[in-house]
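Predicted, not measured: the structure shown is a model, and the values here were computed from it.
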Amino acid sequence: MGQFDQLTDEFLSALEFLTELSADGGGMAALCGACVRVLPVQRAAILIQEREAGLQPWCASDSVAARVEAMQATAGQGPAVDAVAAGVPVLVADLGATAQRWPGFADELNRMRAAGSMVAVPLQMGVVRFGVLDLYRAQPGRPEPLMISAGLHIADLVIAQLIAGSAKSAPAAAQWWDRPLTSRVIHQAAGIVLAQLGIRAPDAYARLRAYAFAHGLSLAEVAQLVVDNRIRFDT
(Lines give C-alpha, C1' and ligand atoms only; values in the text may rest on other atoms or scores of the structure.)
Protein backbone atom coordinates (compact mmCIF):
# COMPACT_ATOMS: atom_id res chain seq x y z
CA MET A 1 0.00 0.00 0.00
CA GLY A 2 1.37 3.41 -1.00
CA GLN A 3 1.85 6.23 1.47
CA PHE A 4 -1.10 8.25 0.16
CA ASP A 5 -3.30 5.14 0.01
CA GLN A 6 -2.61 4.60 3.70
CA LEU A 7 -3.32 8.26 4.42
CA THR A 8 -6.64 7.95 2.59
CA ASP A 9 -7.64 4.92 4.66
CA GLU A 10 -6.65 6.67 7.91
CA PHE A 11 -8.59 9.81 7.00
CA LEU A 12 -11.75 7.96 6.00
CA SER A 13 -11.58 5.80 9.13
CA ALA A 14 -11.16 8.90 11.34
CA LEU A 15 -14.01 10.62 9.54
CA GLU A 16 -16.31 7.63 10.02
CA PHE A 17 -15.38 7.37 13.71
CA LEU A 18 -15.97 11.07 14.41
CA THR A 19 -19.23 11.06 12.47
CA GLU A 20 -20.56 8.12 14.49
CA LEU A 21 -19.31 9.68 17.72
CA SER A 22 -21.12 12.96 17.14
CA ALA A 23 -24.72 13.28 18.23
CA ASP A 24 -25.58 15.42 15.18
CA GLY A 25 -23.97 13.19 12.58
CA GLY A 26 -20.58 14.88 12.46
CA GLY A 27 -21.01 17.15 9.49
CA MET A 28 -18.26 19.58 8.56
CA ALA A 29 -16.83 19.46 12.08
CA ALA A 30 -15.94 15.80 11.55
CA LEU A 31 -13.89 16.77 8.51
CA CYS A 32 -11.82 19.22 10.57
CA GLY A 33 -11.37 16.68 13.34
CA ALA A 34 -10.24 13.99 10.90
CA CYS A 35 -7.59 16.34 9.49
CA VAL A 36 -6.08 16.83 12.95
CA ARG A 37 -6.09 13.09 13.60
CA VAL A 38 -4.14 12.09 10.49
CA LEU A 39 -1.85 15.07 9.83
CA PRO A 40 1.03 16.44 11.97
CA VAL A 41 -1.01 19.52 12.89
CA GLN A 42 -2.71 20.70 16.06
CA ARG A 43 -5.63 22.59 14.50
CA ALA A 44 -7.63 22.64 11.28
CA ALA A 45 -10.40 24.74 9.80
CA ILE A 46 -12.42 24.91 6.60
CA LEU A 47 -13.64 28.10 4.97
CA ILE A 48 -16.09 28.07 2.08
CA GLN A 49 -16.19 30.74 -0.61
CA GLU A 50 -19.67 32.24 -0.61
CA ARG A 51 -21.00 34.53 -3.29
CA GLU A 52 -20.75 38.20 -2.31
CA ALA A 53 -19.82 37.40 1.32
CA GLY A 54 -16.41 35.97 0.42
CA LEU A 55 -14.70 33.33 2.54
CA GLN A 56 -16.73 32.26 5.57
CA PRO A 57 -15.71 29.82 8.34
CA TRP A 58 -17.68 26.56 8.20
CA CYS A 59 -15.85 24.51 10.79
CA ALA A 60 -12.83 24.57 13.08
CA SER A 61 -11.25 21.95 15.26
CA ASP A 62 -11.13 24.23 18.31
CA SER A 63 -11.89 27.74 19.55
CA VAL A 64 -8.44 29.14 18.68
CA ALA A 65 -8.72 28.12 15.03
CA ALA A 66 -12.29 29.42 14.96
CA ARG A 67 -11.13 32.86 16.17
CA VAL A 68 -8.34 33.05 13.60
CA GLU A 69 -10.75 32.13 10.81
CA ALA A 70 -13.24 34.74 12.03
CA MET A 71 -10.43 37.30 11.78
CA GLN A 72 -9.72 36.42 8.17
CA ALA A 73 -13.42 36.64 7.30
CA THR A 74 -13.71 40.03 9.01
CA ALA A 75 -10.49 41.56 7.67
CA GLY A 76 -10.98 40.10 4.20
CA GLN A 77 -7.28 39.31 4.13
CA GLY A 78 -4.95 36.55 5.27
CA PRO A 79 -3.41 33.29 4.07
CA ALA A 80 -6.76 31.70 3.21
CA VAL A 81 -7.84 34.68 1.09
CA ASP A 82 -4.57 34.60 -0.84
CA ALA A 83 -4.75 30.81 -1.29
CA VAL A 84 -8.17 31.04 -2.94
CA ALA A 85 -7.10 33.95 -5.13
CA ALA A 86 -3.89 32.28 -6.32
CA GLY A 87 -5.07 28.67 -6.32
CA VAL A 88 -1.88 27.50 -4.60
CA PRO A 89 -0.98 26.74 -0.95
CA VAL A 90 0.12 29.72 1.13
CA LEU A 91 2.71 28.99 3.82
CA VAL A 92 3.10 31.04 6.99
CA ALA A 93 6.21 30.09 8.93
CA ASP A 94 5.43 32.43 11.84
CA LEU A 95 1.96 33.75 12.63
CA GLY A 96 3.63 36.44 14.70
CA ALA A 97 5.37 37.96 11.67
CA THR A 98 2.55 38.69 9.24
CA ALA A 99 2.20 42.46 9.66
CA GLN A 100 3.85 43.43 6.38
CA ARG A 101 1.77 41.09 4.24
CA TRP A 102 -1.59 41.24 6.04
CA PRO A 103 -1.63 44.21 8.45
CA GLY A 104 -5.28 43.95 9.46
CA PHE A 105 -5.05 40.21 9.99
CA ALA A 106 -1.80 40.63 11.94
CA ASP A 107 -3.32 43.19 14.30
CA GLU A 108 -6.01 40.73 15.32
CA LEU A 109 -3.49 37.91 15.72
CA ASN A 110 -1.44 40.11 18.04
CA ARG A 111 -4.49 40.90 20.15
CA MET A 112 -5.15 37.23 20.77
CA ARG A 113 -1.43 36.39 20.98
CA ALA A 114 -1.74 33.66 18.39
CA ALA A 115 1.51 31.82 17.68
CA GLY A 116 2.76 28.98 15.52
CA SER A 117 2.68 28.36 11.80
CA MET A 118 0.10 27.40 9.21
CA VAL A 119 -0.54 26.43 5.63
CA ALA A 120 -3.66 27.42 3.70
CA VAL A 121 -4.53 24.79 1.09
CA PRO A 122 -7.10 25.75 -1.57
CA LEU A 123 -10.05 23.41 -1.99
CA GLN A 124 -10.39 23.30 -5.74
CA MET A 125 -11.33 21.06 -8.62
CA GLY A 126 -9.96 22.29 -11.91
CA VAL A 127 -10.72 26.01 -12.11
CA VAL A 128 -13.50 25.79 -9.50
CA ARG A 129 -12.39 26.89 -6.03
CA PHE A 130 -14.70 25.90 -3.19
CA GLY A 131 -12.72 27.37 -0.32
CA VAL A 132 -9.68 26.64 1.84
CA LEU A 133 -8.39 24.05 4.28
CA ASP A 134 -6.26 25.80 6.93
CA LEU A 135 -3.80 23.63 8.85
CA TYR A 136 -2.09 24.96 11.98
CA ARG A 137 0.95 23.89 13.96
CA ALA A 138 1.64 25.10 17.48
CA GLN A 139 5.30 25.96 16.79
CA PRO A 140 6.70 28.42 14.23
CA GLY A 141 8.64 26.96 11.34
CA ARG A 142 8.27 26.33 7.64
CA PRO A 143 6.18 23.19 6.98
CA GLU A 144 8.09 20.26 5.50
CA PRO A 145 7.46 19.34 1.83
CA LEU A 146 6.02 15.99 2.96
CA MET A 147 3.45 17.74 5.12
CA ILE A 148 2.48 20.02 2.23
CA SER A 149 2.00 16.99 -0.02
CA ALA A 150 -0.08 15.25 2.63
CA GLY A 151 -2.14 18.41 3.12
CA LEU A 152 -2.84 18.64 -0.61
CA HIS A 153 -3.94 15.01 -0.64
CA ILE A 154 -6.25 15.52 2.35
CA ALA A 155 -7.68 18.62 0.66
CA ASP A 156 -8.65 16.44 -2.32
CA LEU A 157 -10.35 14.01 0.06
CA VAL A 158 -12.23 16.87 1.73
CA ILE A 159 -13.47 18.05 -1.68
CA ALA A 160 -14.60 14.52 -2.52
CA GLN A 161 -16.57 14.33 0.72
CA LEU A 162 -18.17 17.74 0.13
CA ILE A 163 -19.21 16.81 -3.38
CA ALA A 164 -20.49 13.41 -2.29
CA GLY A 165 -22.46 15.02 0.52
CA SER A 166 -24.01 17.66 -1.72
CA ALA A 167 -25.09 15.00 -4.19
CA LYS A 168 -27.02 13.03 -1.59
CA SER A 169 -30.66 13.57 -0.86
CA ALA A 170 -31.67 15.46 2.28
CA PRO A 171 -31.26 15.07 5.17
CA ALA A 172 -27.99 13.25 4.44
CA ALA A 173 -26.65 16.17 2.43
CA ALA A 174 -27.33 18.48 5.33
CA GLN A 175 -24.56 16.76 7.27
CA TRP A 176 -22.02 18.49 5.02
CA TRP A 177 -23.73 21.48 3.47
CA ASP A 178 -26.14 22.81 6.10
CA ARG A 179 -25.06 26.43 6.42
CA PRO A 180 -23.72 27.39 9.88
CA LEU A 181 -25.86 29.73 11.95
CA THR A 182 -23.23 32.50 11.82
CA SER A 183 -23.20 32.40 8.03
CA ARG A 184 -26.99 32.61 7.85
CA VAL A 185 -26.97 35.63 10.17
CA ILE A 186 -24.34 37.39 8.04
CA HIS A 187 -26.44 36.97 4.90
CA GLN A 188 -29.55 38.14 6.74
CA ALA A 189 -27.73 41.22 8.04
CA ALA A 190 -26.42 42.06 4.57
CA GLY A 191 -29.99 41.98 3.30
CA ILE A 192 -31.05 44.40 6.02
CA VAL A 193 -28.19 46.81 5.23
CA LEU A 194 -29.00 46.55 1.54
CA ALA A 195 -32.60 47.54 2.25
CA GLN A 196 -31.61 50.35 4.62
CA LEU A 197 -29.17 52.01 2.23
CA GLY A 198 -30.43 50.93 -1.19
CA ILE A 199 -26.98 49.66 -2.19
CA ARG A 200 -25.71 46.59 -4.02
CA ALA A 201 -25.13 43.31 -2.19
CA PRO A 202 -21.30 43.44 -2.40
CA ASP A 203 -21.37 46.93 -0.89
CA ALA A 204 -23.60 45.75 1.96
CA TYR A 205 -21.12 43.02 2.91
CA ALA A 206 -18.30 45.56 2.65
CA ARG A 207 -20.14 47.90 5.05
CA LEU A 208 -20.55 45.08 7.58
CA ARG A 209 -16.91 44.07 7.28
CA ALA A 210 -15.67 47.66 7.62
CA TYR A 211 -17.80 48.24 10.73
CA ALA A 212 -16.57 45.01 12.30
CA PHE A 213 -12.94 45.84 11.59
CA ALA A 214 -13.24 49.41 12.90
CA HIS A 215 -14.89 48.31 16.16
CA GLY A 216 -12.79 45.22 16.88
CA LEU A 217 -15.69 42.82 16.39
CA SER A 218 -16.11 39.74 14.26
CA LEU A 219 -18.26 39.86 11.16
CA ALA A 220 -20.70 37.45 12.81
CA GLU A 221 -21.00 39.66 15.91
CA VAL A 222 -21.80 42.76 13.85
CA ALA A 223 -24.31 40.79 11.77
CA GLN A 224 -26.14 39.67 14.92
CA LEU A 225 -26.30 43.27 16.17
CA VAL A 226 -27.82 44.35 12.86
CA VAL A 227 -30.37 41.53 12.93
CA ASP A 228 -31.27 42.46 16.52
CA ASN A 229 -31.74 46.09 15.37
CA ARG A 230 -29.01 47.27 17.73
CA ILE A 231 -27.03 48.73 14.82
CA ARG A 232 -28.53 50.60 11.88
CA PHE A 233 -26.63 51.90 8.87
CA ASP A 234 -29.23 54.45 7.76
CA THR A 235 -28.89 56.76 10.77
Decide whether Val128 and Leu152 are clustered together by the hydrophobic rule: side chain heavy atoms of Ile, Leu, Val, Met, Phe, Trp, Tyr closer than 4.5 Å, transitively. yes
Given 3.5 Å as the limit, does a donor-acceptor pair link the side chain of Gln77 with the main chain of Gly104, or not? yes
Hydrophobic clusters here meaning ILVMFWY residues chained together by side-chain heavy-atom distances under 4.5 Å, can you tell me if Leu208 and Met71 are in one? no
Common cluster, Trp58/Val64, ILVMFWY with side-chain heavy-atom separation under 4.5 Å: no
Hydrophobic cluster partners of Phe213 (side-chain heavy atoms under 4.5 Å): none
So, using side chain to side chain contact (heavy atoms under 4.5 Å, CB included) as the criterion, who are the partners of Val227 when residues are at least two apart? Val185, Gln188, Ala189, Ile192, Gln224
With rounding to the nearest 0.5 Å, note down the distance linking CG in Leu7 to CD1 in Ile154. 4.0 Å
Should Leu12 and Leu157 count as side-chain neighbours, where that means a heavy-atom distance under 4.5 Å? no
If you define the side chain from C-beta out and look only at heavy atoms, does anything of Phe130 sit under 4.5 Å from Val158? no
Once you round to the nearest 0.5 Å, how far does CD of Glu10 lie from CG of Leu15? 13.5 Å
What residues form a side chain to side chain contact (heavy atoms under 4.5 Å, CB included) with Ala114, not counting sequence neighbours? Leu109, Met112
Can you list every ring-ring contact (aromatic ring centres under 6.0 Å, His included) pair that touches residues 214-235, not counting sequence neighbours? Tyr211-His215, Tyr211-Phe233
Run the numbers on Ile186 and Glu50 for side chain to side chain contact (heavy atoms under 4.5 Å, CB included), then give the verdict. CA-CA 11 Å; Ile186 290 169; Glu50 297 190 24; over 6 Å; no
Do Met125 and Val88 sit in one hydrophobic cluster, given that two such residues count as connected whenever their side-chain heavy atoms are within less than 4.5 Å of each other, even indirectly? no
For Ala212, enumerate each residue passing the side chain to side chain contact (heavy atoms under 4.5 Å, CB included) test, keeping only those at least two apart in sequence or located in another chain. Thr74, Val222
Going by side-chain hydrogen bond (donor to acceptor under 3.5 Å, both in side chains), name the residues that satisfy it together with Arg137, two or more places apart in sequence or in a different chain. Glu144
Any Ser149 side-chain heavy atom under 4.5 Å of Phe4 side chain: yes
What donor-acceptor contacts under 3.5 angstrom involve side-chain atoms of residues 28-48, with partners at least two apart or in another chain?
unit_1: Gln42; atom_1: OE1; unit_2: Ala138; atom_2: N; d: 2.8
unit_1: Arg43; atom_1: NE; unit_2: Asp62; atom_2: OD1; d: 3.3
unit_1: Arg43; atom_1: NE; unit_2: Asp62; atom_2: OD2; d: 2.8

Step by step, work out the side chain to side chain contact (heavy atoms under 4.5 Å, CB included) result for Val81 and Leu55. CA-CA 7 Å; Val81 178; Leu55 281 175; 4.1 Å; yes
Quick one: CG on Leu123 to CD1 on Ile159, what's the gap to the nearest 0.5 Å? 5.0 Å
What pairs with Gln124 under side-chain hydrogen bond (donor to acceptor under 3.5 Å, both in side chains), at least two apart in sequence or on another chain? Arg129
Compile the donor-acceptor pairs under 3.5 Å between side chains in residues 90-103 and protein atoms, sequence neighbours left out, one pair per line.
unit_1: Asp94; atom_1: OD1; unit_2: Gly96; atom_2: N; d: 2.9
unit_1: Trp102; atom_1: NE1; unit_2: Asp82; atom_2: OD2; d: 3.0

Residues in side-chain hydrogen bond (donor to acceptor under 3.5 Å, both in side chains) with Ser117, at least two apart? none
Using every non-hydrogen atom in the two residues, find where Pro143 and Ile148 come nearest and quote the distance to one decimal. CB-CD1, 3.7 Å
How close do Gly151 and Leu133 get, counting heavy atoms only, and between which atoms? O-CD2, 4.3 Å
Side chain to side chain contact (heavy atoms under 4.5 Å, CB included) involving Ile199 - partner list, sequence neighbours excluded: Val193, Leu197, Asp203, Ala204, Arg207
Joint cluster assignment, Leu219 & Tyr205, ILVMFWY side-chain distance < 4.5 Å: yes
Pairs where residues 223-235 contributes a residue and the test salt bridge (charged side-chain N to carboxylate O under 4.0 Å, His left out) is met, not counting sequence neighbours: Arg232-Asp234
Separation of Gln3 CD from Thr8 OG1 (nearest 0.5 Å): 10.5 Å
